[in-house]
Structure formats: structure tokens, C-alpha cells
Amino acid sequence: MPELPEVEVVRRGVETWAAGRTVLGTEVHDPRSLRRHAEGTEQFISTLTGAQLGTPQRRGKFLWIPLSSPEADQRAGAALLIHLGMSGQVLIEDSEAPREKHLKITLRLSAQEPAQLRFVDQRIFGGMQISALVPAEHPSGAVPEGAAHIGPDPLEPAVTAEQLFRALRRRRSGLKRALLDQQLLSGVGNIYADEALWLSGLHFARRTETITRAETARLLSAVSEVMEAALAAGGTSFDALYVNVNGTSGYFDRSLQCYGQEGKACDRCAQTGAETLIRRTPFMGRSSFWCPRCQPRPRQGRW
DNA sequence: AGATAGTCCTGTGGGC
DNA sequence: TGCCCACAGGACTATC
């Protein structure tokens, strides 16, 4: 399940391999991957073909490639917006590479091999769309309309603990629910939410309106830390990740302390001589993993 | 406003 | 062995 670090690894790969190249041709093998592109398949193809790819950008789990054209025309100020969903992959491959079973979209790129940017997506929760760029507070100065509704992500300098603190206090909800809400802070999915809550010693059901400044600062640091760690683990050899960036490879799993660790001893407790087992609790139609000692369940009144 | 349920998909795996 | 069905989950929408 690609979350922010996985998407950033893909972004870096696309920057290395595809930025500056021209789209010579576009093939849509399955229009369901264009579900969010309202103008239809033909318009997608005609807009993309002939455009030059700029430096890829990212906010949260959304990735986009600004498009430009030598003759300034209607393509100016637009971007190819990509979301990997559950199972999306972006592959840069030689033209003769065997066709993937779930290949959805192919961009033929100028100049040299590897000359294809392929979008592969087994479950089709992800997709591509062409989206107008609108000015926004983002390191690049703009975000695509299709991603304008989500909040900044923890790796953007604009995010501060004070800002997050005020947003959480305004809310009347559970802490993990708020963390998964992409409009508040983007890029956090189920895996890194659990990791960050564990690292900061906060329970997933903690009421947001009772959170303190210190706890918020701890939480935000923890979110950044687990994401930077995953990025460091996966970002060093992203060539290999091109083969499989969908998260099922387990590439990022090595560093997980809490998520998926049900029944295993909590590392932090072990260091203090205690033996506590990580628990799994059904939550929001999925699972939450937590340590009952590090992340005590809030008492009545703190929920 | 917050919570819940339904929708989009397909491969996996448990149950029988 | 093989069939069926529940399940998984990110983002979005509809509804309470």
C-alpha cells in the first residue's frame, strides 16, 4: 500500500528517468484508470501526446508531472496527476519489455531507451488524469486542481506543530481518524499512522480535542521520523523498486516496529526489561496495531 | 460536523 | 481438487 515514502521514491525515479522528455505517443489500455479524468480518453491522449514532462512534484500520496509544450498553448499550466491507490506502479522500461498483466497506460517517450513510462495497476483504485495547475502554498508554487483539496504533508516546510495542534483541538474525533484524514495532513496511511502513534506513545482512539501542544509536537516529529526512515531505507536504491513499488514486496516492512506485529514483543518495552505484546484491534474497517503499555487506552473523559 | 456504509477492483485464502 | 465467498484497502460519495 503505497504511502508518502513509497510515492516519493517513485517521484525521484520519474525525475531521474522521465523529466525533460517528450511524450511521443499515449496508449490507454484500460479506460477505467482514467475514471477521474472527466474529459474522456481521447482528450487525455491528445493533451498528453506532444507535451514535454517537467520536474515531478508530490503532495501526500499524489504525484504529478507538469506538462509544457514548445509552442505555448492550452497545455500550459497543466499536469499529469497520478495516484497509485492500493496497487499502482509506475515503471520505466524498454519498449520491448514484456507487457505486464495489469498494464493500464503507456507513454512512449522521446530520445532513448528505456523509452516507456508504464502505469500498472491491479486493483484500479489508482489512476491518471490531466489537471490544471493552480497557485498554492507548495514548494513548487502550485498544485493540480485534482489534488487541491488535500492538506500539506509532513515533509513540507509549511507544516508546523502549532498549526496541527490548533486543527486537532478544533476537531471532535479520534486521533488516528484525524491522522488518516488527508485534508488535515496528507500522506499518512494505515501503516505509518500506527508507526507514528506507537513512536509517540499515543493511543489511536485518543480524543483530538484533549490533545496537548507537547503531544502534538511529539506526534508530528514521529510522523516525520517514520517517513524519513522509510525513505532512507527505500530511497537509496530506487532502481530496484521500479520492479515493484506497490508495497507488497515488503521492501519497507523491515523497519516496522508496530504495524503488522500482533503478538510480537514491543521493542521499546523489551529495552526496559518488560515484555508486552503488540495488539491488533479492528478499527475503521481495517486494523490498528498498538502496544498496551506504551500507548495506554485513554480513560473515560479522555476519549 | 462526525461517523458510517457503499463503491470502485481483483487476487488470495479459508471453509467446506 | 475445486468452488464460493469474504476480505483487503485509499479516496470519494451519500446518508444519517
Side-chain angles (χ1 to χ4, degrees), chain A residues 1-11 28-38 41 58-64 81-90 99-105 119-129 131 143-154 166-196 204-211 223 227 230 244-250 252-253 256 258-262 280-289 298 303:
Chain A
M1 308 130 261
E3 295 186 26
L4 186 154
E6 290 83 354
V7 178
E8 174 59 18
V9 168
V10 173
R11 190 203 68 75
V28 177
H29 313 289
D30 189 340
R32 291 177 297 177
S33 291
L34 294 182
R35 194 180 303 130
R36 308 207 173 281
H37 183 76
T41 303
R58 184 191 52 72
R59 167 168 273 180
K61 304 172 198 171
F62 283 86
L63 172 68
W64 66 91
L81 179 59
I82 305 168
H83 199 290
L84 301 177
M86 279 293 299
S87 55
Q89 295 171 265
V90 175
R99 181 179 164 143
E100 288 77 11
K101 184 176 179 188
H102 299 291
L103 178 63
K104 303 301 180 189
I105 293 165
F119 181 69
V120 177
D121 190 7
Q122 178 198 110
R123 296 188 187 172
I124 327 183
F125 279 19
M128 286 183 162
Q129 64 183 110
S131 188
V143 298
E145 262 177 358
H149 62 292
I150 69 162
D153 70 51
R166 282 199 293 262
L168 288 174
R169 296 292 296 222
R170 270 197 303 272
R171 221 164 243 253
R172 302 179 56 80
S173 181
L175 190 52
K176 183 172 175 182
R177 199 182 287 280
L179 218 42
L180 293 176
D181 182 347
Q182 303 297 304
Q183 304 196 45
L184 198 63
L185 184 72
S186 67
V188 184
N190 203 36
I191 296 174
Y192 295 113
D194 279 3
E195 291 295 298
F204 64 86
R206 175 62 185 276
R207 296 299 306 181
T208 53
E209 64 267 35
T210 70
I211 206 86
V223 170
M227 288 188 167
N244 188 355
V245 294
N246 68 6
T248 59
S249 66
F252 291 93
D253 293 354
L256 297 181
C258 182
Y259 180 84
Q261 309 299 307
E262 184 186 19
R280 184 184 72 85
T281 302
F283 175 76
M284 282 175 82
R286 56 188 81 172
S287 294
S288 270
F289 297 87
W303 280 62

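All values reported here derive from a predicted model rather than from experimental measurement. The sequence lines fix the lettering, A, B, ..., with proteins before strands; numbering per chain opens at 1. Below, each value reflects all heavy atoms present in this structure, side chains not excepted, and no hydrogens, waters or symmetry copies.
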Peer 1: In whole angstroms, how far is the P atom of dG10(C) from the CZ atom of Phe62(A)?
Peer 2: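 It is 13 Å, rounded to the nearest whole Å.
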
Peer 1: How close do Phe119(A) and Val90(A) get, heavy atom to heavy atom, and via which atoms?
Peer 2: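 Taking every non-hydrogen atom into account, CD1-CG2, 4.4 Å.
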
Peer 1: Does His83(A) place a side-chain N or O at less than 4.0 Å from the phosphate oxygens OP1/OP2 of dA11(C)?
Peer 2: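 For dA11(C), OP1/OP2 do have a side-chain N/O of His83(A) under 4.0 Å.
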
Peer 1: For the helix from dG2(B)-dC16(C) to dC16(B)-dG2(C), what angle separates the axis at the start from the axis at the finish, each from five pairs, in steps of 10°?
Peer 2: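 Comparing the axis at each end, I get an angle of 60°.
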
Peer 1: Using a strict cut-off of less than 4.0 Å between a Lys/Arg side-chain nitrogen and an Asp/Glu carboxylate oxygen, indicate whether Arg58(A) and Glu8(A) qualify as a salt bridge.
Peer 2: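 Yes, this pair counts.
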
Peer 1: State plainly whether the residues Asp153(A) and Lys61(A) are in salt-bridge range, i.e. N to O under 4.0 Å.
Peer 2: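 Result for this pair is no, no salt bridge flagged.
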
Peer 1: Expressed as a whole number of angstroms, how long is the span from Gln182(A):CD to dC12(C):C1'?
Peer 2: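 Going from Gln182(A) (CD) to dC12(C) (C1'), I get 12 Å.
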
Peer 1: Separation of Glu209(A) atom CD from dA1(B) atom P, in whole Å?
Peer 2: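 In whole Å, dA1(B) P and Glu209(A) CD are 15 Å from each other.
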
Peer 1: For Gln129(A) and dC12(C), give me the distance from atom CD to atom C1', rounded to whole Å.
Peer 2: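 Taking atom C1' of dC12(C) as the reference, CD of Gln129(A) is at 12 Å.
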
Peer 1: Does His149(A) make a side-chain N or O approach to OP1 or OP2 of dC12(C) shorter than 4.0 Å?
Peer 2: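 So the side chain of His149(A) is within the cut-off, an N or O lying under 4.0 Å from OP1 or OP2 of dC12(C).
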
Peer 1: Applying the side-chain contact (heavy atoms from CB on, under 4.5 Å) criterion to Ile82(A), which one of Met128(A), Arg11(A), Gln129(A) satisfies it?
Peer 2: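 Exactly one candidate clears the test, Met128(A).
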
Peer 1: If you compare all heavy atoms of Leu4(A) against all heavy atoms of Gly60(A), which two are closest, and at what distance to 0.1 Å?
Peer 2: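 Shortest heavy-atom contact: CG-O, 3.9 Å.
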
Peer 1: Does dG10(C) have OP1 or OP2 sitting under 4.0 Å from an N or O in the side chain of Lys61(A)?
Peer 2: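 It does not, given that no N or O in the side chain of Lys61(A) lies less than 4.0 Å from OP1 or OP2 of dG10(C).
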
Peer 1: Rounded to whole Å, how long is the line connecting atom CG of Asp121(A) with atom C1' of dG10(C)?
Peer 2: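 Rounded to the whole Å, the gap is 11 Å.
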
Peer 1: Are any non-hydrogen side-chain atoms of Asp194(A) and Ser288(A) less than 4.5 angstrom apart?
Peer 2: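 Heavy-atom side-chain distance check passes, below 4.5 Å.
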
Peer 1: Show the nearest heavy-atom pair for residues Pro154(A) and Met227(A), with the distance to one decimal.
Peer 2: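 The pair with the smallest heavy-atom distance is CG-SD, 4.0 Å.
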
Peer 1: Take the protein atom CZ of Arg59(A) and the nucleotide atom P of dA11(C), then report the distance between them rounded to whole Å.
Peer 2: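 Distance, rounded to whole Å: 14 Å.
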
Peer 1: Please report, rounded to the nearest Å, how far the P atom of dG9(C) is from the CZ atom of Phe283(A).
Peer 2: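 Roughly 13 Å, once rounded to whole Å.
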
Peer 1: If you measure from the Lys or Arg side-chain nitrogens to the Asp or Glu carboxylate oxygens, is any gap between Lys104(A) and Asp30(A) under 4.0 Å?
Peer 2: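 Salt bridge flag = yes for Asp30(A) with Lys104(A).
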
Peer 1: Please report the shortest heavy-atom distance between Ser131(A) and Gly146(A), naming the atom on each side.
Peer 2: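 The answer is OG-N, 2.9 Å.
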
Peer 1: Please report the distance, rounded to the nearest Å, between CD in Gln183(A) and P in dC12(C).
Peer 2: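 Value for this atom pair: 8 Å.
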
Peer 1: Can you build the contact string for nucleotides 3-14 of chain B? Use B for base contact, S for sugar-phosphate-only contact, and - for no protein heavy atom under 4.0 Å.
Peer 2: SS---BBBS---

